[in-house]
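Sequential numbering from 1 along the given sequence is applied to the chain's residues.
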Amino acid sequence: MVGDKGKKQKVGEKGEEENADHIDEKLVLSIENLQEIQDELEKINEEASDKVLEVEQKYNEVRKPVYDKRNDIIKSIPDFWLTAFLSHPALGDLLNEEDQKIFKHLSSLEVEDFKDVKSGYSITFNFNPNPYFEDAKITKSFTFLDEGTTKITATSIKWKEGKGIPNGVAHDKNGSKRPHEDESSFFSWFSETQQKDDMDEMHDEIAELIKEDLWPNPLTYFNNEADEEDFDGDEGDEEENGSEGSEDDDDDDE
């Protein structure tokens, strides 16, 4: 009887093992099927991304003449880009006092994707003749390379004698260097062309803010400044009216 009981236990254990093997096979098969579905979805997503890029490239061409018209109008508005930059919550901190003087000569801004949208873009700043540098325009470009790095190039600015803010350092009239009190500077950022290969540094935050936030609708930030001035004016009127009212009350008391 004891022997029979042992045999039954071995048969039972064998059955459990077979059942476990069957479950493992089903699990593996399910995971393989799931992976096939994910691969199919990935292929569709890649095709969708390519189509989106094609549409984006098409509409970049459609937008171009409209952006050109916008730039023509902006040129007639004094200090438009200076005001828009200063009113931006992040970009405003980039302009020190010297930068602001130079930005008074900024006539237009252009952001252009490369023909192959996913390969990069450039930001061009066009300046009127000014006492700071010879260049009529300066351009900073961001090229996304296949190996996952970003190549950054920028115009080497031809500063006029006694001018220049390379690497956050200004020059006195006699040409001697003097550090800025505030090292943050638009032109320090512009001149920075170190290739980025760290995933955390893949994207240039300032360039992306200009491209994705300021460029599409700079009027939003220009109007912010105008709205603030109107608001301050209204407060001033209210204070003036209030003081006049109190004077009238004093006259009545007399």
Side-chain angles (χ1 to χ4, degrees), residues 45-46 48-68 70-71 74 80-82 84-96 99 102-103 105-127 132-159 164-169 183-218 220-221:
N45 289 338
E46 288 177 3
S49 296
D50 290 340
K51 293 295 181 183
V52 169
L53 288 174
E54 287 178 15
V55 172
E56 184 65 22
Q57 284 174 266
K58 173 186 175 182
Y59 279 94
N60 277 344
E61 296 176 6
V62 174
R63 293 187 193 104
K64 182 66 169 66
V66 181
Y67 279 136
D68 290 341
R70 188 182 74 177
N71 268 337
I74 286 175
F80 179 90
W81 287 110
L82 171 60
F85 262 83
L86 289 176
S87 300
H88 192 283
L91 296 174
D93 294 335
L94 186 66
L95 301 184
N96 61 30
D99 295 339
I102 298 173
F103 261 54
H105 302 279
L106 179 61
S107 61
S108 65
L109 173 67
E110 297 172 10
V111 175
E112 290 186 284
D113 286 308
F114 293 164
K115 193 166 184 181
D116 179 3
V117 175
K118 60 185 177 183
S119 66
Y121 62 94
S122 64
I123 304 175
T124 298
F125 302 84
N126 297 292
F127 287 86
Y132 297 96
F133 46 73
E134 302 290 346
D135 309 88
K137 70 176 183 177
I138 57 176
T139 301
K140 187 161 188 174
S141 300
F142 301 83
T143 305
F144 307 136
L145 305 177
D146 291 337
E147 60 266 27
T149 58
T150 301
K151 180 183 178 183
I152 303 174
T153 58
T155 302
S156 180
I157 300 175
K158 300 181 181 68
W159 296 98
I165 319 175
N167 300 320
V169 178
E183 291 185 359
S184 66
S185 165
F186 167 83
F187 291 97
S188 294
W189 164 78
F190 182 86
S191 301
E192 174 58 56
T193 57
Q194 183 177 355
Q195 181 167 299
K196 297 182 182 296
D197 52 11
D198 185 338
M199 288 304 292
D200 293 334
E201 298 179 353
M202 275 293 291
H203 301 293
D204 187 302
E205 184 179 0
I206 293 170
E208 288 194 343
L209 284 171
I210 294 173
K211 180 179 186 289
E212 304 294 345
D213 193 20
L214 181 66
W215 170 248
N217 189 1
T220 300
Y221 296 102

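To the nearest 0.5 angstrom, E61 atom CD is 7.5 Å from K115 atom NZ.
Relative ring orientation between F186 and W189 is described as tilted, the plane-to-plane angle lying within the 30° to 60° band. The aromatic rings of F187 and F103 stand perpendicular to each other, their planes meeting at an angle above 60°, with 30° marking the opposite boundary. The aromatic rings of F125 and F190 stand perpendicular to each other, their planes meeting at an angle above 60°, with 30° marking the opposite boundary.
With a 4.5 Å cut-off on side-chain heavy atoms, L94 and D99 do not count as touching. A heavy-atom distance below 4.5 Å is found between the side chains of W215 and Y67. Counting heavy atoms from C-beta outward, S49 and K118 have side chains that stay 4.5 Å or more apart. Residues Y121 and F144 are in side-chain contact: their nearest non-hydrogen atoms beyond the backbone lie under 4.5 Å apart.
When each of N71, T124, N126, D68 is paired with S108, the side-chain hydrogen bond (donor to acceptor under 3.5 Å, both in side chains) condition holds for N126 and for no other.
In terms of modelled atom types and a separation under 3.5 Å, the side chain of S122 and the main chain of S141 share no donor-acceptor contact. Side chain of K211 to backbone of D113: no donor-acceptor contact under 3.5 angstrom is found.
Ion pairing between R63 and E56 holds under the 4.0 Å rule for side-chain N and carboxylate O.
For an aromatic pair to be called close, the ring centres must be under 6.0 Å apart, and F127 with Y132 fails this.
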Report the C-alpha separation of V111 and L214 in whole Å, then their side-chain angles, then the decisive distance to 0.1 Å, and conclude whether the side-chain contact (heavy atoms from CB on, under 4.5 Å) test is met. CA-CA 10 Å; V111 175; L214 181 66; over 6 Å; no
